[in-house]
Asker: 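Sharing a structure, written as structure tokens. Questions coming.
In this chain, residues are counted from 1 in sequence order. Side-chain atoms are counted along with the backbone in the values below, which use heavy atoms only and exclude waters and symmetry mates.
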Amino acid sequence: MRTLSKSDYKLARTCSTKLYYREKGYPQRTDDDPMLRLLAEGGYMVEQLARLFFPDGRALEYGRDAERDWDETRRALAAERVTLFEATLLSNRMLARVDVLRKTGNVFDLIEIKSKSLNSDSGDDGDDTGGFRTAKNVIRAAWRPYLEDVAYQVHVLRQLFPEAEIRPRLIVVDTALACPWDRAPEWFRVTRDVDGRDLDVRFVGDAAAVDPAAILSIRDVGDEVAELLPEVAAIAAHLAGLYHGDEVLREENPLAWSCRGCEFRVALDEPRNGFLECWQDAGRVTPHIFDLWKLGSLARKADALPHRLIERRAVSLLDIPIDELGVPRADGGGLAHRQIRQIEHMRSGEPYQDLRLLEAFAPLTWPLHFIDFEALQLAIPPFRGLHAYEKLPFQWSCHTVAAPGATPVSHHWLAQGSEWCSADFAASLRDAVGDRGTLLTWTGYESAVLAAVASQHGRCGNVPASLLEWLGAARTSVEAGGRIFDMEKACARFYLHPLAGGRTSIKPLLDAIWKSDPVVEQQYRTWVGEAVDVLQDKGPYESLPAEGSMAIEVRDGIGAMNAYRAILFDPILTEDDRIAARLGLLRYCELDTLAMVLLWDHWVRQAAAGREPASPSATG
């Protein structure tokens with residue numbers, strides 16, 4: 001019998017057509033998402049840790065057959081007192097598996113475990129990191145899906161036990177708490193099937209020595225569930241009603257801006273493409289309205305431009321009426337300026353580079369240090385003193401350009417040991433870049449990492465006073481009198497390449513100039529070496545090899561986190577695989593900073609072709 005699981009409910013609550021695609025096994029773009037895999041692994045670890053709150057808990061089998069699973073749960077619930085893990089609830093085709101279900105007489109504690117974080121020190125009255133409600137007592141949008149998840153389970157349980165008292169709870173990761181353990185991820189054994197999708201995580205540590213309350217918090221969500229329950233029950237009943245025998249009806253829904261993030265919006269050449277079945281030819285239009293930079297910010301009102309365009313199937317980016325995007329700011333900032341430039345230059349096919357781009361770099365001082373960091377952010381912190389999801393930097397790369405026209409010189413650092421390494425990270429960076437010159441980054445991530453290092457002083461280890469002082473200047477922006485400069489902000493205002501669309505990420509931008517400016521490849525080969533293996537149709541990032549017998553891929557920040565975590569904590573990784581993973585990390589991080597230099601060089605050459613650009617000051 002087909003059932004409406006809580007994951008089915010979560011997927012289909014905003015678009016019931018998705019239920020049909022899911023039941024028919026259509027591919028989803030999230031199937032191979034490395035970020036979702038990383039979050040899932042952390043979520044399972046949190047679940048195993050949270051079970052330690054309930055030493056009397058009994059784990060039930062599930063996944064064989066929903067009706068058999070429910071029969072087993074029902075028999076277990078015949079006891080006066082019982083605590084069950086993964087209890088199966090089934091009523092009117094609605095299926096829910098409960099992380100923890102504790103029964104005492106006629107009272108049920110229904111407990112959902114989430115790896116989402118909440119800061120218990122922030123209170124419940126307005127801080128975005130605080131409770132489930134805003135200062136106006138409205139359920140926060142970020143928490144609503146998690147609370148609806150609990151409400152759905154409560155709804156099914158209430159149908160089965162209408163006279164019972166049900167007390168819903170959430171167990172969450174508490175970022176206000178400092179981890180009291182070292183190397184806690186070693187307490188978990190993670191196994192995957194051959195394709196890496198099915199995941200099993202087991203706790204193998206000393207349960208008697210571990211208090212889960214050290215980093216987890218149990219929260220009462222009874223009021224929030226009571227508020228959401230009527231809506232959740234109505235939507236669940238409607239979705240369950242779409243099932244007929246072993247089939248599920250396809251319910252048509254109007255095309256909407258929310259389709260932009262549809263899970264079934266996969267590659268256009270995928271034969272079973274749910275997005276295209278809904279959108280037909282309008283889904284194949286390129287460039288598409290969905291490609292316009294931050295157009296979603298204009299979609300908040302029901303009669304906003306994106307909704308009107310979609311309603312009349314005017315979905316080409318090139319047909320968006322420019323006069324409805326607003327008045328562009330003279331300084332190049334704001335949404336309208338970049339949106340209008342994107343449309344104009346997608347039409348012409350020519351890159352856009354404002355003469356003010358290089359002027360934005362005028363306050364910089366030589367030498368220029370192009371830097372990039374990689375950091376772990378885990379739900380269960382790897383070392384004592386860290387908070388959940390706190391940044392633990394483990395690698396930096398730097399390309400230094402000493403003067404105009406100079407060859408960039410590469411420096412790098414990758415943590416060697418298995419202890420807290422933030423102070424060593426910062427000290428090695430200071431040794432490489434010294435006290436002179438500007439630190440160029442792509443986005444504000446590096447500044448946030450340096451701030452995290454400073455904040456860890458005392459909690460995790462000691463950061464020398466002189467190094468703390470250096471970190472203060474290093475993480476402060478040039479505009480505020482410090483040393484760090486965000487190249488992406490200048491790019492967003494004054495540069496756009498049609499091959500990258502409206503995106504300002506370094507990877508699509510490097511790919512774009514690689515394909516359109518032959519000097520870029522020449523410079524790359526000169527600086528890296530003629531023998532470097534680069535696939536012409538892919539560019540440097542896509543040409544990065546998978547390293548080692550376990551084929552560890554490091555082509556983005558998520559791959560870097562996975563690789564370093566494996567180096568630290570994966571017990572089946574061989575020494576050769578660890579060496580290969582380190583090589584992959586070095587190659588990837590080095591490419592990130594070299595990509596910044598290549599883009600910088602491209603901008604300087606393009607500006608020089610028009611007029612003499614402003615350049616960084618010669619002062620240090």
Side-chain angles (χ1 to χ4, degrees), residues 30 32-46 115-117 173 175 179 182-188 190 192 196-197 199 201 215 371-383 386-397 412-422 424-425 429 441-453 456 460 505-507 541 544-548 550-573 577-593:
T30 54
D32 297 308
D33 189 321
M35 181 61 177
L36 292 181
R37 289 191 183 191
L38 179 65
L39 292 174
E41 189 169 315
Y44 281 118
M45 287 185 179
V46 169
S115 57
K116 182 173 172 59
S117 63
V173 177
T175 57
C179 179
D182 277 319
R183 303 185 64 81
E186 288 183 340
W187 300 341
F188 304 89
V190 181
R192 294 185 180 273
R197 293 185 182 180
L199 178 68
V201 178
I215 63 170
I371 61 173
D372 178 72
F373 303 162
E374 303 299 334
L376 279 179
Q377 288 181 260
L378 302 180
I380 296 179
F383 301 117
L386 290 171
H387 298 294
Y389 298 113
E390 185 172 7
K391 296 177 179 65
L392 175 72
F394 59 84
Q395 180 181 18
W396 59 257
S397 173
H412 62 260
W413 182 88
L414 178 59
Q416 297 291 326
S418 57
E419 300 176 346
W420 176 72
C421 54
S422 296
D424 291 342
F425 166 92
L429 180 66
T441 68
W442 201 269
T443 77
Y445 181 75
E446 280 67 28
S447 180
V449 169
L450 294 177
V453 171
Q456 290 166 18
C460 306
S505 300
I506 191 69
K507 296 175 183 64
Y541 279 103
L544 288 170
E547 302 286 354
M550 298 193 63
I552 296 174
E553 290 190 354
V554 186
R555 295 179 179 172
D556 54 29
I558 301 304
M561 276 201 287
N562 276 325
Y564 188 68
R565 185 182 54 171
I567 290 171
L568 287 181
F569 302 120
D570 192 334
I572 69 171
L573 212 63
D577 281 323
R578 284 186 169 82
I579 293 171
R582 295 179 68 85
L583 177 59
L585 285 166
L586 292 171
R587 285 176 172 171
Y588 165 69
C589 198
E590 181 181 39
L591 177 55
D592 262 354
T593 52

Asker: Strictly under 6.0 Å, is that where the ring centroids of Phe425 and Phe373 end up?
Answerer: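 Yes; Phe373 has its ring centre under 6.0 Å from that of Phe425.
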Asker: Quick check against the 3.5 Å criterion: does Glu374 have a side-chain atom that pairs as donor or acceptor with the backbone of Trp396?
Answerer: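 Absent.
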Asker: I'd like to check the side-chain hydrogen bond (donor to acceptor under 3.5 Å, both in side chains) partners of Trp442; sequence neighbours left out, ordered by chain and number.
Answerer: none
Asker: Counting only heavy atoms from other residues, nucleotides and ligands, does the tally under 6.0 Å from OH of Tyr44 exceed 12?
Answerer: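 Not buried by this count: 12 neighbours or fewer within 6.0 Å.
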Asker: Between the side chains of Gln456 and Trp420, is a donor N or O closer than 3.5 angstrom to an acceptor N or O?
Answerer: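 The answer is yes; a qualifying pair exists.
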Asker: Verify, without hydrogens or angle tests, whether Arg578 (side chain) and Leu568 (backbone) share a donor-acceptor contact under 3.5 angstrom.
Answerer: no
Asker: Among pairs that include at least one residue of residues 386-396, which meet salt bridge (Lys or Arg N to Asp or Glu O under 4.0 Å), considering only residues two or more places apart or in two chains?
Answerer: Glu390-Arg459
Asker: Where do Tyr541 and Asp592 land on the side chain to side chain donor-acceptor pair (under 3.5 Å) test, with the steps shown first?
Answerer: CA-CA 9 Å; Tyr541 279 103; Asp592 262 354; 2.3 Å; yes
Asker: Hey, does the side chain of Arg555 reach the backbone of Leu544 with a donor-acceptor pair shorter than 3.5 angstrom?
Answerer: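 Indeed, once roles are kept as given, a pair shorter than 3.5 Å links the two residues.
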Asker: Are Arg582 and Gln416 linked by a side-chain donor-acceptor pair shorter than 3.5 Å?
Answerer: yes
Asker: Just verifying a value: how many Å separate Leu573 CG and Arg565 CZ, rounded to the nearest 0.5 Å?
Answerer: 12.0 Å
Asker: For a quick test of reading the model, state the closest non-hydrogen atom pair linking Val201 to Glu41 and the distance between them.
Answerer: CG2-O, 4.5 Å
Asker: Identify which one of Val173, Ile380, Thr175 satisfies the side chain to side chain contact (heavy atoms under 4.5 Å, CB included) criterion when paired with Ile215.
Answerer: Ile380
Asker: Does the side chain to side chain donor-acceptor pair (under 3.5 Å) test come out yes or no for Ser397 and Thr593, once each step is laid out?
Answerer: CA-CA 7 Å; Ser397 173; Thr593 52; 2.9 Å; yes
